[in-house]
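Heads up, the thing below is written out as structure tokens.
Counting starts at 1 for both ligands and their atoms, following the listed order.
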Amino acid sequence: MKVSAYAVPAAGESLEPLIIERRDLRPRDVLVRIHYSGICHSDIHQGREEWFPNTFPMVPGHEIAGTVEAVGSDVTAFKVGDHVGVGVFVDSCKKCAQCVAGHGQYCAEGMVGTYADVERDGDERRGKVPTQGGYSTHIVVDERYVMRIPENLPLDGAAPLLCAGITVYSPLKHWRVGPGTRVGVMGLGGLGHMAVQLAAAMGADVTLISHSPTKEADGRALGARDFLLSSDQGAMNSARMSLDFIVNAVSADVDIDRYMQLLDNDGVMCLVGLPIEPISIRPFTLTAARRSLAGSQIGGIAETQEMLDFCGEHDVVSRIEVIQASEINTAWDRVVDSNVRYRFVIDTASLPAVS
Ligand code: NAP
Ligand code: ZN
Ligand code: ZN
């Protein structure tokens with residue numbers, strides 16, 4: 001079927017309307033009517049080709065919330081009308097050790113990204129097809145890569161959970177954050193504001209570490225007990241060795257070494273932010289307190305479902321600004337300027353009609 005979308009025509013260019021083709025339903029496919037699609041900073045990194053070469057035109061978007069509009073003949077998990085979400089990947093090999101363990105995001109053959117990637121299985125008519133993401137009205141996804149959004153959560157506020165939410169939930173769980181854990185969150189953006197809320201809901205003592213003095217009140221309202229302005233070196237010195245775990249959700253290149261000093265003995269900083277330049281760190285910073293620097297990439301499908309259910313139980317959603325499709329380019333610039341509170345979500349009803 002032909003559907004309306006917004007696409008980046010070529011690296012670094014402004015997004016504009018595009019009609020794209022979605023595949024016919026295979027037996028295990030679900031046709032999702034996308035209602036809301038979040039804007040993740042990764043969309044911008046890729047649309048501007050900041051990480052690696054990409055193919056264009058690119059329809060970004062991997063924070064998808066909508067309803068099931070049709071199901072293939074063998075679908076058992078979903079029915080028409082269900083509230084569902086699609087996240088950062090839509091396929092994986094399903095056979096390697098990581099896939100079998102439920103960590104398809106680390107698939108040995110590579111996960112298939114929701115956009116800027118190529119479908120594993122060719123299409124009978126079209127051969128190998130590029131994947132196109134959520135800045136569109138519909139998407140067709142194998143039911144094994146679709147998640148259920150709890151009915152008590154609004155679809156617009158839930159959309160960012162599909163990337164921002166799971167990307168911070170997964171490391172918080174992996175490093176066993178719970179009551180009393182002293183957690184630092186670097187950067188109150190899309191990921192960071194979910195990390196503050198989720199860590200607080202898990203019972204942790206949360207410190208927001210931000211380069212924006214204006215975000216203190218919001219950080220505290222979202223659940224942070226303390227606020228550290230990263231440019232205030234005196235405050236950074238006083239907070240030395242005060243944290244057990246740091247979620248680093250900063251999108252820009254910063255001096256990681258300064259922030260590592262905030263970790264106590266055996267503390268861990270987990271990178272989820274993906275700025276461009278390699279990281280520099282003094283070896284003594286790690287050895288002097290047996291600190292670790294780690295990284296984490298989104299989360300598996302089952303874990304994403306667990307996170308959505310956790311959010312349903314704790315009434316956790318993203319703080320959003322809903323925008324029209326015509327506002328996407330301005331929104332991208334505002335994300336880069338750290339000027340979003342705290343996630344832009346596109347109302348896909350504003351996409352042009354397919355003529
Ligand atoms: P975002 O909304 O733009 O948030 C990034 C935050 O970084 C900003 O709000 C700002 O927080 C801080 N920041 C920005 N520029 C800075 C600077 N010059 N110095 C210090 N801090 C700065 O981005 P996002 O969508 O949350 O994504 C964050 C990063 O995670 C991106 O690189 C994205 O690609 C990556 N990501 C990774 C995964 C994964 O699987 N690992 C998944 C999704 C996204 P303050 O104003 O509070 O300082
Ligand atoms: Zn993302
Ligand atoms: Zn695999």
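Between atom 26 (O) of ligand 1 and the options V272, D253, L191, the minimum heavy-atom separation is to L191. With distances taken over non-hydrogen atoms, the option nearest atom 33 (C) of ligand 1 out of A249, S338, S42 is S42. Distances from atom 45 (P) of ligand 1 to the heavy atoms of C40, S170, S210 show the closest one on S210.
Taking atom 2 (O) of ligand 1 as the reference point, the nearest protein heavy-atom neighbour is G190 N, 2.9 Å. Closest to atom 29 (C) of ligand 1 among all protein heavy atoms lies G273 CA, 3.5 Å.
A parallel orientation is assigned to the rings of H193 and Y342, their planes being inclined by less than 30° (bins at 30° and 60°).
Closest of all the heavy-atom pairs between V322 and I320 is CG2-CD1, 3.7 Å.
C99 contributes SG and C107 contributes SG; the angle these two atoms make at the Zn ion (ligand 3) is 100°, rounded to 10°. The angle subtended at the Zn ion (ligand 3) by SG of C96 and SG of C93 is 110°, given to the nearest 10°.
With a 4.0 Å heavy-atom cut-off, ligand 1 is reached by the side chain of H45 but not by its N, CA, C or O. The side chain of W51, and not its backbone, has at least one atom closer than 4.0 Å to an atom of ligand 1 (non-hydrogen atoms only; side chain from C-beta on). When non-hydrogen atoms are compared, ligand 1 lies under 4.0 Å from the backbone of S296 (N, CA, C, O) but not from its side chain. Here M186 has no heavy atoms under 4.0 Å from ligand 1, in either its backbone or its side chain.
Atom NE2 is the N/O/S atom of H62 found closest to the Zn ion (ligand 2).
Residues R341 and T214 are in side-chain contact: their nearest non-hydrogen atoms beyond the backbone lie under 4.5 Å apart.
The side-chain contact (heavy atoms from CB on, under 4.5 Å) test with V146 singles out one residue from V68, I301, V84, V75, and that residue is V84.
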Begin with the C-alpha distance, continue with both residues' side-chain angles, and end with the deciding distance and a verdict on salt bridge (Lys or Arg N to Asp or Glu O under 4.0 Å) for D82 and K79. CA-CA 6 Å; D82 285 352; K79 61 178 190 323; 3.0 Å; yes

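Not a single heavy atom of G219 sits closer than 4.0 Å to an atom of ligand 1.
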